[in-house]
*Asks:* 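Here's a structure for you.
Small disclaimer: the values here were computed from a predicted structure and weren't measured.
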Amino acid sequence: MDSSKVVENIYLLVSVTLISVLQNAFFALKVEKECNNARTSAFERVSCANRNCMDAYPTFLAVMWCAGLCLSQAPAAFAGTIYLVVRQKYFIGYMGQTSQSTPGYLFGKRVLLFLSLMCLVGIFNFLLARHYGSDYKEYVETITSAASALLLIP
């Protein structure tokens with residue numbers, strides 16, 4: 001397979017992954033800044049928010065890449081971008097009062113659920129195509145592209 005064809009199939013996922021790495025660096029800098037100020041309640045909140053974000057990070061990467069490779073790159077990358085925005089909102093909200101972080105947390109769970117469903121549908125479609133010769137990928141891609149816009153509804 002031509003390498004440009006491979007990159008064409010994953011460049012959006014790679015872009016979202018690199019943005020998430022930059023976001024992790026931003027979070028680490030915030031923790032370092034609060035650590036240098038002294039061990040205050042602000043440090044505890046920032047540190048806890050960073051830990052919570054890092055706990056969900058491997059799950060996010062796994063389901064985003066699985067959804068993008070098994071089903072469709074564009075909706076998976078869009079959902080990944082929404083997840084990063086929500087994660088930023090969660091982190092900033094946690095730096096204030098922890099109750100401000102709840103909407104970001106709940107919305108992030110919804111995005112992860114959407115990506116997980118995309119993974120399952122992509123795997124199911126692969127199994128249908130392999131064992132029964134029925135490939136519904138075009139239909140499913142259309143549905144997931146439309147459904148990804150529903151992620152914007154609060």
Side-chain angles (χ1 to χ4, degrees), residues 3-127 140-154:
S3 65
S4 64
K5 183 70 173 161
V6 171
V7 171
E8 182 180 313
N9 290 327
I10 63 169
Y11 75 95
L12 292 174
L13 300 173
V14 169
S15 300
V16 173
T17 302
L18 290 176
I19 292 168
S20 74
V21 169
L22 292 174
Q23 188 181 49
N24 286 340
F26 169 76
F27 293 163
L29 287 174
K30 286 290 188 185
V31 171
E32 181 181 352
K33 180 182 170 198
E34 288 299 327
C35 183
N36 290 337
N37 290 340
R39 294 218 174 234
T40 62
S41 63
F43 170 75
E44 294 300 324
R45 286 194 307 270
V46 170
S47 178
C48 187
N50 185 49
R51 255 191 331 273
N52 292 344
C53 287
M54 295 313 293
D55 287 346
Y57 188 64
T59 303
F60 159 68
L61 284 180
V63 294
M64 183 188 71
W65 275 88
C66 179
L69 294 175
C70 293
L71 194 57
S72 182
Q73 175 185 203
F78 177 74
T81 303
I82 296 295
Y83 180 78
L84 293 179
V85 169
V86 167
R87 192 167 77 149
Q88 185 74 23
K89 180 176 174 42
Y90 170 79
F91 188 85
I92 299 300
Y94 213 99
M95 286 172 54
Q97 294 191 12
T98 55
S99 63
Q100 294 174 343
S101 66
T102 303
Y105 175 75
L106 296 175
F107 202 81
K109 282 179 33 179
R110 195 165 97 186
V111 173
L112 289 177
L113 177 65
F114 174 76
L115 287 168
S116 299
L117 290 174
M118 279 184 68
C119 293
L120 291 174
V121 169
I123 292 168
F124 184 68
N125 183 58
F126 172 77
L127 293 174
V140 174
E141 283 179 353
T142 303
I143 291 169
T144 54
S145 295
S148 65
L150 296 175
L151 289 174
L152 296 175
I153 297 172

*Asks:* Excluding sequence neighbours, so at least two apart, what forms side chain to side chain contact (heavy atoms under 4.5 Å, CB included) with Glu8?
*Replies:*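 Residues passing side chain to side chain contact (heavy atoms under 4.5 Å, CB included) with Glu8: Lys5.
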*Asks:* Roughly how far, to the nearest 0.5 Å, is the SG atom of Cys66 from the CG atom of Leu61?
*Replies:*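 Rounded to the nearest 0.5 Å, the CG-SG separation comes to 12.5 Å.
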*Asks:* Tell me, please, which residues at least two apart from Val86 pass side chain to side chain contact (heavy atoms under 4.5 Å, CB included).
*Replies:* Ile82, Phe107
*Asks:* Closest approach of Val16 and Ala77, non-hydrogen atoms and distance?
*Replies:*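 So the two residues come closest at CG2-O, 3.6 Å.
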*Asks:* According to side chain to side chain contact (heavy atoms under 4.5 Å, CB included), who are the partners of Ser47, at least two apart in sequence or on a separate chain?
*Replies:*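 Applying side chain to side chain contact (heavy atoms under 4.5 Å, CB included) to Ser47 gives Phe43, Arg51.
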*Asks:* Measuring from Leu69:CG to Leu13:CG, what's the distance to the nearest 0.5 Å?
*Replies:* 6.0 Å
*Asks:* In chain order, what residues pass the ring-ring contact (aromatic ring centres under 6.0 Å, His included) check against Phe78, with sequence neighbours excluded?
*Replies:*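 Per chain and number, Phe78 pairs via ring-ring contact (aromatic ring centres under 6.0 Å, His included) with no residue.
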*Asks:* Sequence neighbours left out, what passes side-chain hydrogen bond (donor to acceptor under 3.5 Å, both in side chains) with Asn50? Give chain and number order.
*Replies:* none
*Asks:* Tyr105: which residues meet the ring-ring contact (aromatic ring centres under 6.0 Å, His included) condition with it, sequence neighbours left out?
*Replies:*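 Testing Tyr105 for ring-ring contact (aromatic ring centres under 6.0 Å, His included), a comparison that skips the adjacent residues, returns none.
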*Asks:* Pairs in or reaching into residues 57-77: which pass side-chain hydrogen bond (donor to acceptor under 3.5 Å, both in side chains), with residues at least two apart or in two chains?
*Replies:* Thr17-Trp65, Ser20-Tyr57
*Asks:* Test of understanding: with side-chain hydrogen bond (donor to acceptor under 3.5 Å, both in side chains), list the residues that count as partners of Tyr90, not counting sequence neighbours.
*Replies:*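 For Tyr90, the residues satisfying side-chain hydrogen bond (donor to acceptor under 3.5 Å, both in side chains) (neighbours in sequence not counted) are Asn52.
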*Asks:* Under 3.5 Å, is there a donor-acceptor pair between the side chain of Gln23 and the main chain of Leu84?
*Replies:* yes
*Asks:* Can you tell me how far the CE atom of Met54 sits from the CZ atom of Phe60, to the nearest 0.5 Å?
*Replies:*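 Result: 11.5 Å between the selected atoms.
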*Asks:* So which pairs with a foot in residues 66-95 pass salt bridge (Lys or Arg N to Asp or Glu O under 4.0 Å), sequence neighbours left out?
*Replies:*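 Applying salt bridge (Lys or Arg N to Asp or Glu O under 4.0 Å) to every pair that reaches into residues 66-95, excluding sequence neighbours, yields nothing.
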*Asks:* Return all side-chain donor-acceptor pairs below 3.5 angstrom for residues 113-126, not counting sequence neighbours, or 'none' if the list is empty.
*Replies:*
unit_1, atom_1, unit_2, atom_2, d
Ser116, OG, Leu112, O, 2.8
Asn125, OD1, Tyr136, N, 2.9
Asn125, ND2, Asp135, OD1, 3.0

*Asks:* Name all pairs fulfilling the ring pair (Phe, Tyr, Trp, His ring centres under 6.0 Å) condition that reach into residues 13-32, sequence neighbours left out, sorted by first residue then second.
*Replies:* Phe27-Phe91
